[in-house]
Amino acid sequence: MNKEEYFIKQFSNNKFIGDDGAVVGSHVYSMDAFFENIHFKRQWFTLRQIAYKSMIVNISDAIAMNAIPKYALLSVAIPSSYTNKELKELASGFKKASKEFGITIIGGDTISNNKLDISITIISKTKNPILRSTAKKDDLFCYTGTLGTCKKDLTKLFSGKKINKKSKFIKPKLNPEFFYESSKYITSALDISDGLFYELQRVSKASKIGFEFFKEIDEDIGSSGEEYEMLFSFNKKHLEKIKKIAKKHKVKLNIFAKAVKGKYETKIKNHHF
């Protein structure tokens, strides 16, 4: 058990902890930190891109819970050296993401700091939350999109190279319309923030299942974090319905495994550097 898991375990004696968000009645509460030199380096992003991504990665959690994001609380630690122009640019990123997803920023906190650190709480509404713990034996497992590009781009950034402005590492691409429409057929879900292998370990632990893989998954694909593609399971009888919805929304599906009795663990470390 790593230190993150050990710490979380100190508070996990209730039903709310253990998913991408906490379900309380018809609301889902999700919170993510986006800290300089932990999740990003300042020279990699514009301030607008930093603020935008910090919102998007949290909205992704809400979508994975089958919840519609409604409100946001921002906690932003800002270097005192930032000019008014830089503060306006930072705010524009938060506003851009909020406008795209119909979110109202209702408050938060700002403090002075020697680096840029952001924490965001998203408040969402749901009628049918989807959890990590509800996958069933014989369910098919699938992820959306293409994995591996974020790991490649992160390697480039560390070596001092530039990456495409359209990179998912800079601007994650979410597919809320596909997921919400498919939700009635989905048995478990979470987004891929720490890499496919690590997320599968989380599902295995929560749902008490193992996996029968249809083919070997390359390590560069399975360990690529910051992807924010959706990982989900469903009963095979709904395969054609989900394929039809994916085609409608132009979402690529990768059906790669079946849930079986057993346990899955990965030797790959948590993605965050």
Side-chain angles (χ1 to χ4, degrees), residues 4-5 7-12 14-35 38-40 50-77 93-109 117-135 143-144 168 171-180 182-183 186-195 198-199 202-203 205-207 225-232 270-272:
E4 179 186 18
E5 289 176 338
F7 183 75
I8 293 171
K9 192 176 179 181
Q10 308 309 305
F11 308 94
S12 60
N14 65 61
K15 65 180 181 179
F16 302 109
I17 295 174
D19 279 284
D20 284 345
V23 182
V24 183
S26 62
H27 288 85
V28 174
Y29 299 86
S30 55
M31 181 180 183
D32 264 324
F34 201 61
F35 283 16
I38 300 296
H39 302 93
F40 67 91
I50 290 169
Y52 181 84
K53 184 176 179 180
S54 69
M55 288 283 288
I56 290 296
V57 301
N58 210 326
I59 292 167
S60 179
D61 284 336
I63 294 169
M65 298 291 297
N66 192 32
I68 308 292
K70 295 291 185 182
Y71 305 102
L73 293 163
L74 310 182
S75 176
V76 190
F94 293 125
K95 291 194 286 187
K96 182 176 186 290
S98 298
K99 184 177 180 180
E100 282 183 14
F101 289 88
I103 295 169
T104 303
I105 296 172
I106 59 172
D109 191 21
D117 291 341
I118 301 167
S119 292
I120 299 175
T121 299
I122 299 287
I123 303 166
S124 311
K125 295 204 74 174
T126 184
K127 292 180 180 179
N128 180 33
I130 297 175
L131 311 179
R132 301 174 183 176
S133 58
T134 44
Y143 65 84
T144 60
K168 285 197 297 179
K171 187 178 180 181
K173 178 175 171 51
L174 308 185
N175 296 293
E177 293 85 2
F178 160 74
F179 194 78
Y180 293 143
S182 302
S183 63
I186 292 173
T187 54
S188 70
L190 63 168
D191 67 355
I192 302 174
S193 57
D194 293 320
Y198 202 81
E199 308 302 356
R202 286 173 166 147
V203 176
K205 185 176 180 180
S207 289
E226 303 285 327
E227 294 279 355
Y228 298 101
E229 295 290 351
M230 207 60 67
L231 168 64
F232 61 95
N270 189 312
H271 162 72
H272 290 130

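Taken from OH in Y180 to CD1 in I130, the straight-line distance is 10.0 Å, to the nearest 0.5 Å. Atom OG of S188 is separated from atom CG of L231 by 7.0 Å, given to the nearest 0.5 angstrom. Note: S30 OG to I63 CD1 = 10.0 Å, rounded to the nearest 0.5 Å. The distance from the CG atom of N58 to the CG atom of D20 is 10.0 Å, given to the nearest 0.5 Å. Going from atom CE of M65 over to atom CD1 of I122 covers 14.0 Å, rounded to the nearest 0.5 Å. Separation of atoms CE (M55) and NZ (K99) is listed at 14.0 Å; rounding is to 0.5 Å.
The closest donor-acceptor contact from the side chain of E199 to the backbone of D194 lies under 3.5 Å. Counting only distance, with no hydrogens or angles, the side chain of S75 and the backbone of G108 share no donor-acceptor pair below 3.5 Å.
Looking at F232 and S182, their side chains never come closer than 4.5 Å, going by heavy atoms from C-beta outward. Using a 4.5 Å heavy-atom threshold, the side chains of K53 and P172 count as touching.
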Can you list the steps and then say if I56 with Y228 is a side chain to side chain contact (heavy atoms under 4.5 Å, CB included)? CA-CA 9 Å; I56 290 296; Y228 298 101; 5.9 Å; no
Take D61 and D32, measure what side chain to side chain contact (heavy atoms under 4.5 Å, CB included) needs, and give me the verdict at the end. CA-CA 9 Å; D61 284 336; D32 264 324; 2.8 Å; yes
Under the criterion side chain to side chain contact (heavy atoms under 4.5 Å, CB included), I'd like the reasoning laid out for N175 against E229: C-alpha separation, chi angles, the key distance, then a yes or no. CA-CA 8 Å; N175 296 293; E229 295 290 351; 4.1 Å; yes
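For the pair S207 and S133, the tightest heavy-atom approach, listed with the atom from each and the gap, is OG-C, 3.1 Å. Considering every non-hydrogen atom in both F16 and V23, the closest pair reads CD2-O, 3.2 Å. Smallest separation of non-hydrogen atoms from A189 and A64: CB-O, 3.6 Å. Between I118 and F35, the shortest heavy-atom contact is O-CE1, 3.5 Å. Residues N66 and F179 share a closest heavy-atom pair of N-CE2, 4.1 Å. Across all non-hydrogen atoms, the minimal contact from F94 to S54 is CE2-OG, 3.3 Å.
Around the NZ atom of K96, the shell of radius 6.0 Å holds more than 12 heavy atoms that belong to other residues, nucleotides or ligands. No more than 12 heavy-atom neighbours from other residues, nucleotides or ligands sit within 6.0 angstrom of OH on Y71.
In the model, S60 has a side-chain atom that pairs as donor or acceptor with a side-chain atom of D191 under 3.5 Å.
Relative orientation of the F34 and H39 rings is parallel, given thresholds of 30° and 60° on the angle between their planes.
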